[in-house]
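Working notes for the structure below.
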Amino acid sequence: MNKRAFLEGFLTASTVAFGGHFMWRRMTERGPAVVDRGQFGQLPVPDADGLESPLPGFEFSPIDIEPSLPAEGLPAPAPSLEAKSLQAESLQDESLQDESEIEIPQLSEQQVADYLMKIRNFDAVFASDLYLDPGYETLLLKTTQHLARVESYMGHGNFNLLSFDDMLQAGRNFSSIGEFQSDELNFLEEVFFANPSRYGFFGKKINADITDAIAVNEVAKIDNTGHFLFKGESLNLYSQIKRDVGDSVILTSGVRGVVKQIHLFLAKTVEAQGNLSRASRSLAPPGHSYHGIGDFDVGKIGLGARNFTADFSTTEEYRKISGLGYVDIRYPTDNLFGVRFEPWHIKMS
Ligand SMILES: [Zn+2]
């Protein structure tokens, strides 16, 4: 198969191709357009209780896919944050020199302002957002539902570690999952190998191959969480945080393999009605998640899905964590990855 030709068809260069009604809405609204949910197929979307009541037939993962209310205009950027903070001088900051993944060239003031507007309003829709070609809508839904069947059958914990080859085998072995078809496999491969900088994500590739597997003997299951951490640095850091902050801190997502990240990203893309840019402002595309090599998420017990919102940064737990001095977060405010502020995502060196 000619991958390059396929990719050209896979990603559309603008929203024009996504459907006349979107264009019409844009022309009748001022500023960045915001589309309603439900236009992207008839798929149900998770509600605030999605954690407790997964929707029959289509199971969104409760982790990282927090409910997002239909936006009614853009929230104002935080007043303390000025566009100037990302201008040329800070791009040359020494602390950023080793971040080889940063590919943002010298930007104009307007480009910086546009970029910051997007990651501060990550769940809004912008005219320059890039969409999955609408011709792939059916395949997107079918493949996402198929992955949900795998997760449901294998269990959430095991699914975190599942390799692509394990996924194929599970499909062949269990009729309630069903074998993956060639159109689905081509689609998964194209999603994995597409260059996400085209739709606005600038983090580096973590997994070179879609078949990269997690070595089970290198991870430890964390009690009462359903998640795993890599033994050594990650596990030690998590244990230290628990000791210093207290037992109200809990692991909310640990090691994630390629398949888990693919499922999260596709489900997010469904939720975003095919808007790949919007999806990637909240979730690293497949193969680009640092959860594959040691990063992990923490939350406050009892905060539920709000652990994956900026609300977490208002908790006593976050205040303590940020004061420890030995903890960094991967996606701070106004980061250069094209990703929203994620106060819960702990960075491993
Ligand atoms: Zn995370």
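All heavy atoms count here, side chains included; hydrogens, waters and symmetry mates do not. Read the numbers this way: they start at 1 and go in the same order the structure lists the ligands and their atoms. Everything numeric here is computed off the predicted structure, so don't read it as measured data.
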Could you pull out all donor-acceptor pairs under 3.5 Å where a side-chain atom in residues 240-248 meets a protein atom, sequence neighbours excluded?
residue : atom : partner : partner atom : Å
Q240    : OE1  : R243    : NH2          : 2.8
Q240    : NE2  : D244    : OD1          : 3.4
Q240    : NE2  : D244    : OD2          : 3.2
K242    : NZ   : V249    : O            : 3.0
D244    : OD2  : Y326    : OH           : 2.6
S248    : OG   : E317    : OE2          : 2.6

note = Hits for ring pair (Phe, Tyr, Trp, His ring centres under 6.0 Å) against F228, two or more places apart or cross-chain, chain-then-number order -> none
inquiry  = So, 2.8 Å as the limit: is an N/O/S atom of D297 located closer than that to the Zn ion (ligand 1)?
reply    = yes
query = Which N, O or S atom name in H291 marks its closest approach to the Zn ion (ligand 1)?
reply = NE2
inquiry  = Students often mix this up, so state it plainly: with edges at 30° and 60°, are the rings of Y136 and F187 parallel, tilted or perpendicular?
reply    = parallel
remark   = The atom of H345 among N, O or S that is nearest the Zn ion (ligand 1) is ND1
query = What is the ring orientation for F202 with Y115, classed by angle as parallel under 30°, tilted 30 to 60°, or perpendicular over 60°?
reply = tilted
